[in-house]
Amino acid sequence: MSAATVLLIVLAIGAAAFAVAYRRAAGLRPEAGQKLHSRAGYHGAYAFVMAVLPAILFLALWKAASPAYVENAVWNDLPEQVQTAPDSNKSLLMGMVTSIGDGVRRLSDAELEQAKAGSVDLRELFAAKGVALASSGEPYMVPAAVAYNEMTDASVRYSGIGTILLALAGAVYGLTGISVRRRARNNVERIMLWGLMAASTIAILTTIGIVLSMLFQTISFFQSVPLSNFFFGTVWDPRFAAAGSGGTTGQFGLIPLLAGTLYIALVAMLFAVPIGLFAAIYMAEYASRRVRSIVKPVLEILAGIPTIVYGIFALATVGPLLRDLSAALAGGQPFILAQSVLTAGLVMGIMLIPFVSSLSDDIITAVPRAMHDGSLGLGATRSETMRRVILPAALPGIVGALLLTASRAIGETMIVVLAAGVAANLTINPGEAMTTITVKIVNQLTGDLEFTSPQTLVAFALGITLFAITLAMNVFALYIVRKYREQYE
Amino acid sequence: MLTDVAMEQKLAPTQDQHMIKIQGQEVCVHYGEKQALFSVNLDVRENQVTALIGPSGCGKSTFLRCLNRMNDTIDSARVSGTITLDGENIYDKAIDVVELRARVGMVFQKPNPFPKSIYENVAYGPRIHGLAKKKADLDEIVETSLKKAAIWNEVKDRLHEAGTGLSGGQQQRLCIARAIAVSPEVILMDEPCSALDPIATARVEELIDELRQNYTIVIVTHSMQQAARVSQRTAMFHLGYLVEEGDTDKMFTNPDDKRTQDYITGRFG
């Protein structure tokens, strides 16, 4: 009985429970002066949840726990000398055992006997059946595999039976005690609350999980490279050593990458902030409702373009354009390279315009209309009103929005991968190529990898650094935005 | 009883002492498809308080907002007819709206001081209109305006604190000071006391009575007592039509129209 079948049966039990509970509740005849506390649908929903939810939770827990239990049991039955052998690797051995278990299912009885006796080469035997083994295998593995198969089958059987019994019990529990005053409605409400809480918990736990997954690799990186080398080093030269050759590890200076990241983000912000802000002011103050209803969605489409498309735009159009333009201006040698800080910054700026304008527009329109009218009523023009009343009032919120935008610029990857170049320069000339933290993470993690060398692990250290920077900016931005909100409520 | 109070409170000035300041002729307002005001003919006299009364949605605020063209800020609003200020049509193409609003100031329903200091709130208008050449001039304008708005004594020691930190009544008087600071000829007040408690209301009403010496005031109010207490002339609106207008004393003692009588005696609205 597969898990899917069990699930279907459980759902069928749930549906039946719903139908029965619904009919029973609908058939209740309240006495005079009483009324049905919950509508029949709520009684049905409650019975359904009682039947399905505990059963599915039970099944999920069992499925999560049983493989570990079975593996452990099989491992303990293996010959002593295998368990204690110095070069034995539990996960590798158990991998063999499960693969053999897979193959054993396809053998005839006679073949199985041969395999147990060790008279045939397991690898060849299984290969003929379509199961690939990593090594030739040992005879003792065959009985273990058979035991493994039996235990797994039993686990599936018991879990199936247990789940269905639990579903039936739940259905009976949900169905008993259906009465006029039963508060099925409140119970369903409480279950909804748990469901919603579970959803938000998952979101938070995932964030923590992401951080932890980077944290362990980062720690092992810092075991081979000192902190000061990483955080204060000005040279980025990780030098991929051939696997196992040891020796030189290269230099992992964060500074050139951080400088490149911040420089490109700065160029992008210099470009995006005025344009985005002016667009927002136009939309919030000057545009008629009709223009606004067209311009705002169009700007939001700009926000929906995948960043890789912006990257292509930078690579194919903006980069060559800037290079040729600078060559024409200087008369010969271009002073802006096709892949440069300026190219990446410019295109990233275009990407950020809708973020700046959309967020700022919301903040500007959140300033009470009364401020605006008060100023106009004194004979101020619209732009005077904007400059002297609305923008100062909206400033904290706009600063918060800009910080959110900046943290996006810092974390942006695809545009810089294509437009900024890979050379880890430390320069102040925006016409030259620089590279960013995100680009280097991509570089270090593409290709054939060995997950133990500092060359690869440095990507995790870079990732967690980036995460820390953007997290700090977001927290600061949210703090500012919240402080601003309190002013008007 | 109400009308007795009204009688006692003022020495009814005769009409001919007061020039016509604003004259509205055949004023119609549409908001999109909906017509909010139907051919209103109403005069506002200099140095008097004119009260606009009527049930909610009757068009009194709409008429008020026509007088300084604040309706222009609403996309869908269309105004027709003529409104003259000192004989000049304010809806004429040659009129600069910004200049008009400096001559016809406005105080809103909810006190709306800017999130700036008390001083900056009052100095805002003079600054944008370039009324003060020197800092000392500006200081003087701020002080005079705050004095005229009867709030100087309460705020003179904290001019540089936030205007939003004042109490509701103080905020409203600050807004009146802000309006006075640009030396308008007319002050429009859109239910200036509706967000205030009775004590703050009494102070603002007193102030309105004082301001009448120097300014022409048009006030929209929901309170019959307030109209009776502060105004010399009253105009009654209903469903977008001007029902009746005349001396406040007469309106509250012997109205011509039955609807006015019903409204002021509380039978509807």
Side-chain angles (χ1 to χ4, degrees), chain A residues 280-297 360-401 480-489, chain B residues 32 64-65 67-76 96-117 120-131 145 162-165 171-172 174-184 187-190 195:
Chain A
I281 291 173
Y282 171 71
M283 281 195 297
E285 175 65 29
Y286 293 89
S288 69
R289 199 178 306 166
R290 215 167 56 89
V291 173
R292 190 182 154 87
S293 72
I294 298 167
V295 173
K296 205 168 182 198
S360 308
D361 181 37
D362 290 346
I363 290 159
I364 289 171
T365 41
V367 174
R369 181 84 192 163
M371 298 293 131
H372 178 258
D373 284 356
S375 173
L376 290 183
L378 286 169
T381 63
R382 281 167 156 184
S383 77
E384 282 164 351
T385 302
M386 204 29 93
R387 258 184 303 134
R388 291 166 171 260
V389 177
I390 310 289
L391 285 184
L395 197 62
I398 290 175
V399 170
I480 287 181
V481 170
R482 190 168 305 162
K483 208 173 157 191
Y484 156 79
R485 285 233 173 91
E486 283 164 358
Q487 264 186 22
Y488 290 114
E489 278 167 6
Chain B
L64 187 79
R65 292 169 68 92
L67 302 182
N68 67 345
R69 294 186 57 177
M70 278 302 277
N71 277 334
D72 291 14
T73 63
I74 300 168
D75 267 354
S76 59
D96 177 11
V97 183
V98 167
E99 215 173 295
L100 169 73
R101 289 188 190 137
R103 289 174 66 192
V104 183
M106 190 160 193
V107 175
F108 295 83
Q109 185 168 357
K110 246 183 85 187
N112 59 346
F114 302 134
K116 300 170 182 281
S117 71
E120 285 300 322
N121 261 286
V122 181
Y124 179 76
R127 277 218 172 106
I128 56 175
H129 295 296
L131 298 184
S145 306
T164 43
Q171 285 189 12
Q172 196 60 299
L174 174 62
C175 290
I176 293 172
R178 189 174 69 182
I180 292 171
V182 294
S183 324
I187 302 175
L188 309 177
M189 299 187 173
D190 191 354

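What you see below is based on every heavy atom in this structure, not just the backbone, and it leaves out hydrogens, waters and symmetry mates. We name chains A, B, ... by the order of the sequence lines, and we start the count at 1 in each one.
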Problem - Salt-bridge contact A:Asp361-A:Arg292 (side-chain N to carboxylate O under 4.0 Å) - result: yes
Exercise for the section: May I ask you to decide whether A:Asp362 forms a salt bridge with A:Lys296, counting only side-chain N to carboxylate O separations under 4.0 Å? Expected result: yes
Problem - Reference residue B:Asn112; test side chain to side chain donor-acceptor pair (under 3.5 Å); the match among B:Arg178, B:Gln171, B:Gln172 - result: B:Arg178
Atom group of [X] that falls short of 4.5 Å from chain A, counting heavy atoms:
X: B:Val104; result: backbone
X: B:Arg65; result: side chain
X: B:Pro113; result: backbone

Problem - Reported CE-to-CD1 distance for the pair B:Met70 and B:Ile74, which is rounded to 0.5 angstrom - result: 8.0 Å
Problem - Side chain B:Asn121, main chain B:Phe114, donor-acceptor under 3.5 Å - result: yes
Completion exercise
Comparing A:Arg388, A:Glu384, A:Arg289 against chain B, the one with the most heavy-atom pairs below 4.5 Å turns out to be A:Arg388
Problem - Chi angles and distances behind the side chain to side chain contact (heavy atoms under 4.5 Å, CB included) call for A:Leu391, A:Ile364 - result: CA-CA 7 Å; A:Leu391 285 184; A:Ile364 289 171; 4.2 Å; yes
Exercise for the section: May I ask you to name which of B:Met106, B:His129, B:Glu120 has the most heavy-atom pairs under 4.5 Å with chain A? Expected result: B:His129
Fill in the blank from the handout: Comparing B:Leu100, B:Val107, B:Leu188, B:Asp75 against chain A, the one with the most heavy-atom pairs below 4.5 Å turns out to be B:Asp75
Problem - Portion of A:Arg387 that has a non-hydrogen atom of chain B nearer than 4.5 angstrom - result: neither
